[in-house]
Amino acid sequence: MIGNVSRLHTINRSSVVCSLKFKSSFHNLTTTTPPSPPPLEEDDAAGLCNLILKLDLQTLSENLETNSVCWTPDLVNKILKRLWNHGPKALEFFRLLERHPIYTHSTTSFDHAIDIAARLRDYKTVWTLVARMRKRRLGPNPKTFAIITERFVSAGKPDKAVRVFLSMHEHGCQQDLNSFNTFLDVLCKSKRAEMAYNLFKVLKRRFKADTISYNIIANGFCLIKRTPRALEVLREMVESGLEPTLKTYNIILNGYFKAGQIKEAWQFFLEMKRRKCVMDVVTYTTMVHGFGVSGEIQKARQVFDEMLETGILPSVATYTAFIQVLCKKDTVENAIVVFEEMLKKGYTPNSTTYSVLIRGLCHVGKMDNAMEYLDRMKQDECEPNVQIFNVIIRYYCDEGEIEKSLEVFERMGSGECLPNLDTYNILISAMFVRKRSDDLMVAGKLLIEMVDRGFVPRKFTFNRILNGLLLTGNQDFAQEILRAQSKCGRLPRHFRL
DNA sequence: TTAGGGTTAG
């Protein structure tokens with residue numbers, strides 16, 4: 001077990017894989033007078049990320065300021081995206097690069113950095129960056145505000161989000177119908193349709209609300225399974241002289257399915273046909289998925305076949321929806337048949353497709369098979385995302401295969417895809433199952449690492465580990481955990497921008 | 001990043 005602890009120590013720091021990857025990038029960064037900057041390849045972002053994660057502030061600062069890397073907004077954005085689950089490091093990198101003698105950040109990089117800071121709930125940094133953006137005449141733009149308001153809403157501060165939206169112009173960003181609709185959508189997607197509707201009523205004249213505004217609100221009510229309210233909103237829309245579109249119908253169709261009103265959905269679909277409504281791939285995907293989720297696989301298959309007969313081409317999303325419902329309500333074997341069929345027709349599955357299939361395989365205990373598909377993703381040049389890793393880790397944990405789940409975790413740490421809050425929570429919980437003191441040590445290490453990466457563990461998690469450590473007489477380590485806890489929610493001074 | 005379909009457990 002001590003092996004496990006020491007292995008965890010090495011994650012992202014000095015594993016062999018990492019060191020090998022670092023070499024080339026490190027060379028690029030430390031060479032002081034290269035004849036010309038070497039052209040950057042696809043993998044440079046990955047290599048640079050590992051380097052950024054490895055170096056301390058001082059060394060990183062020295063390296064970033066050399067002229068040997070040809071920084072481009074694209075490269076910087078790639079790095080910021082890869083470091084998404086290591087917010088403090090991402091911001092440190094962004095801040096250091098701001099001092100670069102030649103390179104200056106782009107609008108999109110500022111937006112990424114603002115998103116990261118907002119996710120860390122470091123609002124002081126958010127506004128500092130907004131001000132800096134403005135000073136450099138790079139923004140802030142409507143997208144910047146979409147990011148900020150969305151983060152406030154998901155942090156449980158919708159009122160603050162409303163105030164921010166209403167104050168956009170004070171930051172030099174004009175409000176218009178687009179930004180209004182975007183903000184309504186942010187509220188609706190967080191299941192605050194009622195709040196969005198109230199705001200809509202107040203501002204609809206000022207912004208000249210259009211079909212999109214109404215569709216957003218209707219969809220918001222559908223998301224909280226309130227189809228009658230959605231229909232009311234649409235009635236209001238027609239009364240104000242706006243015509244529903246195919247998107248409107250698709251929203252309602254999906255709303256019926258979401259609310260479990262399968263009969264209504266079917267009737268609505270028939271009515272659309274009767275009225276000779278032009279249907280599209282979204283209509284059919286909604287039907288296939290809706291029927292499938294409610295367990296009506298035959299109906300789902302029938303609609304899928306009908307779609308092909310009508311000459312509407314399924315999309316990757318259609319196949320994904322079908323594969324998912326087959327996994328859930330039929331058999332994973334049949335899902336694989338459809339998956340292979342999709343490949344034969346020349347479609348390239350994306351990470352969502354792999355995700356549903358891998359989840360399906362995990363669910364029936366076919367872990368080896370799931371791992372095979374994880375490897376197949378690479379062949380398809382499809383990067384596995386953190387959700388896929390989380391599914392595999394979760395199921396390994398559920399099966400009591402703690403070592404295997406740690407192996408997958410290590411694979412993530414060695415640069416493939418950084419773990420997120422869920423990953424840590426899943427693993428830490430699993431460390432209590434076997435009631436072994438060495439598992440508890442791993443849990444502690446994970447907790448410290450996640451705090452270091454800007455995640456805020458629940459109090460419960462801290463207490464659980466602290467209690468365990470105190471019971472096993474591990475006072476020193478408990479102190480370390482306490483230090484991590486006090487650090488939580490506050491970024492160290494050098495992260496301040 | 002102006003709206004609709006596909007990932008996610010209870």
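All chains are named by letter (A, B, ...) in the order of the sequence lines, taking the proteins before the strands, and each is independently numbered beginning at 1. Only heavy atoms go into these numbers, but all of them, side chains included; no hydrogens, no water, no symmetry mates.
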State whether [X] places a side-chain N or O below 4.0 Å from either non-bridging phosphate oxygen (OP1 or OP2) of [N].
X      : N     : answer
A:N219 : B:dA3 : no
A:K328 : B:dT8 : yes
A:R394 : B:dA9 : no

Give a yes or no on whether the backbone of A:P314 and the side-chain of A:Y347 come within a donor-acceptor separation of less than 3.5 Å. yes
Distance-only, no hydrogens or angles: does the A:N85 side chain make a donor-acceptor pair with backbone N or O of A:L418 under 3.5 Å? yes
Name the residue from A:R359, A:H289, A:K329 that meets the side chain to side chain donor-acceptor pair (under 3.5 Å) definition with A:Q324. A:H289
Separation of [N] [atom2] from [X] [atom1] (nearest whole Å):
X      : N     : atom1 : atom2 : result
A:H289 : B:dT7 : NE2   : P     : 4 Å
A:M307 : B:dG5 : CE    : P     : 15 Å
A:K189 : B:dG5 : NZ    : P     : 7 Å
A:F180 : B:dT1 : CZ    : C1'   : 16 Å
A:Y395 : B:dT8 : OH    : P     : 9 Å
A:I251 : B:dG5 : CD1   : P     : 7 Å
A:L242 : B:dT2 : CG    : P     : 20 Å
A:F200 : B:dA3 : CZ    : P     : 16 Å

Might you work through the ring-ring contact (aromatic ring centres under 6.0 Å, His included) test for A:F152 and A:F145, ending with a clear yes or no? CA-CA 10 Å; A:F152 272 120; A:F145 281 92; over 10 Å; no
Checking A:S179 against A:T182: is there a side-chain donor and acceptor pair closer than 3.5 Å? no
For the residue pair A:T108 / A:D111, report whether a side-chain donor-acceptor contact shorter than 3.5 Å exists. no
Quick check for you: among [options], whose closest atom lies nearest to any side-chain atom of [X]?
X      : options             : answer
A:V281 : B:dG6, B:dT2, B:dG5 : B:dG5
A:E150 : B:dT1, B:dT8, B:dA3 : B:dT1
A:T182 : B:dT8, B:dT2, B:dA3 : B:dT2
A:T353 : B:dG6, B:dT2, B:dA3 : B:dG6
A:K143 : B:dT8, B:dT1, B:dG6 : B:dT1
A:Q324 : B:dT1, B:dA3, B:dG6 : B:dG6
A:R359 : B:dG5, B:dT7, B:dT2 : B:dT7
A:S355 : B:dT8, B:dG6, B:dT7 : B:dT7
A:D185 : B:dA3, B:dG6, B:dT7 : B:dA3

Ignoring hydrogens and geometry beyond distance, is the side chain of [X] in donor-acceptor contact with the base of [N] at under 3.5 Å?
X      : N     : answer
A:T318 : B:dG5 : yes
A:S315 : B:dG5 : yes
A:T285 : B:dG5 : yes
A:N350 : B:dG6 : yes

In a table with atom names and distances, give each donor-acceptor pair under 3.5 Å that connects a side chain of residues 188-195 of chain A to protein atoms at least two apart or in another chain.
unit_1	atom_1	unit_2	atom_2	d
A:K189	NZ	A:D185	OD1	3.2
A:K189	NZ	A:D185	OD2	2.7
A:S190	OG	A:L187	O	2.9
A:S190	OG	A:R192	NH1	2.9
A:E194	OE1	A:R226	NH1	3.1
A:E194	OE2	A:R229	NH2	2.7

List the steps and the verdict of side chain to side chain donor-acceptor pair (under 3.5 Å) for A:E449 and A:Y424. CA-CA 9 Å; A:E449 186 176 275; A:Y424 286 105; 2.6 Å; yes
Would you classify A:D422 as touching base, sugar-phosphate or nothing, given that sugar-phosphate means primed atoms plus P, OP1 and OP2, and contacts are heavy atoms under 4.0 Å? nothing
Report which part of the nucleic acid A:V316 touches: base, sugar-phosphate, or nothing (heavy-atom distance under 4.0 Å, all strands). base
List in numerical order all residues of residues 360-392 of chain A for which some heavy atom is under 4.0 Å away from an atom belonging to DNA chain B. A:Q387
Assess whether ring-ring contact (aromatic ring centres under 6.0 Å, His included) is satisfied between A:Y103 and A:H105, documenting all intermediate values. CA-CA 7 Å; A:Y103 181 75; A:H105 281 309; 5.7 Å; yes
